[in-house]
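One structure is given here, and the rest of the page talks about it.
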Amino acid sequence: MTRTLGIHDSVGAVFPPAVLAAELDGPDAVDVSIVGTGDLDGLDALVTFAHDDAFLEADLRWVHSVQAGVDKFPLGEYEARGITVTNSTGLHGASVGETVAGYMLSFARRLHEYRSNQERSEWAWADREDSFTVDGSSVSVVGLGTLGKGIAARADALGMDVTGVKRTPTPVDHVDRVHPTGELHEAIADAKFVALAVPLTDDTESMVGDAEFAAMRDDAVLLNVARGPVVDQSALVDALRNDELAGAALDVFETEPLPEDSPLWDFDDVIVTPHAAAATRDYPENIAALVTENARRLAAGERLGNTVV
Ligand code: NDP
């Protein structure tokens, strides 16, 4: 086992580091301490939320991200220094899948509208034209990894027609048609909902902008649980203002927290969630299972699970 594993205090952005430390404190326990950036001496491995350049200068062999997305980590520099980076993909299919199912049900059944009415003690039906069932409706899921598969399985169970996009268009359970990235417009053209579930990379930055909003139905709803910069946010605001899009549910943004003066707060048909699509009370426990197994592998000289570089 790794004897010297640090939990960086940035993990506190997602859950208290002490909860993870307690989870890791079992019979085969690793020697865990909660550390700040100035306190990395003697550590073999570090569990962290955020990247810090100090990690590259320390004597670390392994850095684990408590998020699936590692777009803020300079992966080339880690690789050049021989530091293995692992991420937390594989944990979020159910949580994010249910969040996206919730977004779609809210738009179909107008639940966000009724909640807003309730705040004003207002008893009023939504416009009948705006109410529908997700049963018989359609979703295009862009990215079919852990998140995308979690979304597709729930959409299929709700009776929806499911289209998907991935780099390698191999068949995926619960997805009726899988398109390669080059057929994005074709994949999103007929969908009532377009759900984004790709990592943020050079290829996916601004993947959805003016041309994609033009390709989508005017009554379509965009769902973004990937990363903010996957969408051109000003093009999104324009599309909402110009009724080229019926609404959006957004968990991630170009700038987080979403600034108070962002126009996205003010649309009736935009649901804003605070990068919380994957939040669950058992998240530290799930991270601990990943970290414990990888600590064992590191000690045994085996390849780590969820290796990014
Ligand atoms: P996975 O690695 O399991 O899946 C990524 C999927 O995206 C794969 O299907 C991959 O295609 C596809 N993909 C990658 N690049 C492209 C591209 N250029 N065009 C089309 N498809 C592409 O990742 P996860 O599902 O675990 O997570 C995805 C991202 O979601 C994370 O990187 C993170 O940024 C975000 N996320 C957000 C959360 C939240 O709280 N909102 C929680 C967890 C993740 P292929 O299968 O062909 O390789």
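What you see below is based on every heavy atom in this structure, not just the backbone, and it leaves out hydrogens, waters and symmetry mates. Just follow the structure's listing: the first ligand is 1, and inside any ligand the first atom is 1.
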For [atom], state which one of [options] supplies the nearest heavy atom.
atom: atom 47 (O) of ligand 1; options: Thr168, Asp71, Val172, Leu91; value: Thr168
atom: atom 9 (O) of ligand 1; options: Leu144, Val165, Val225, Thr146; value: Leu144
atom: atom 13 (N) of ligand 1; options: Val198, Val308, Asn306; value: Val198
atom: atom 28 (C) of ligand 1; options: Pro169, Ser95, Ala197; value: Ala197

Counting both backbone and side chain atoms, is some N or O of [X] under 3.5 Å from an N or O of ligand 1?
X: Leu147; answer: yes
X: Arg167; answer: yes
X: Thr204; answer: no
X: Gly145; answer: yes

TODO: Run the ring-centre check on His64 versus Phe49 and record whether the distance is less than 6.0 Å.
DONE: no
Answer with side chain, backbone, both or neither: which part of [X] has a heavy atom less than 4.0 angstrom from an atom of ligand 1?
X: Ala226; value: backbone
X: Met207; value: side chain
X: His92; value: side chain

Task: atom 19 (N) of ligand 1 - nearest protein heavy atom and its distance - done: Thr181 OG1, 2.9 Å
For [X] and [Y], test the side chains for any donor-to-acceptor distance below 3.5 angstrom and give the result as yes or no.
X: Thr163; Y: His179; value: no
X: His51; Y: Tyr78; value: yes
X: Thr146; Y: His92; value: no
X: Thr273; Y: Asp251; value: yes

Task: Distance-minimising heavy-atom pair for Ala54 and Leu40 - done: O-CD1, 3.9 Å
Open item on the list: I'd like to know if Asp127 and Arg110 make a salt bridge, using a cut-off of under 4.0 Å between side-chain N and carboxylate O.
Closed with: no
Open item on the list: Can a donor-acceptor pair be found, under 3.5 Å and without considering hydrogens, that links the side chain of Tyr114 to the backbone of Ala126?
Closed with: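 The answer is yes, because a donor-acceptor pair under 3.5 Å joins these two groups.
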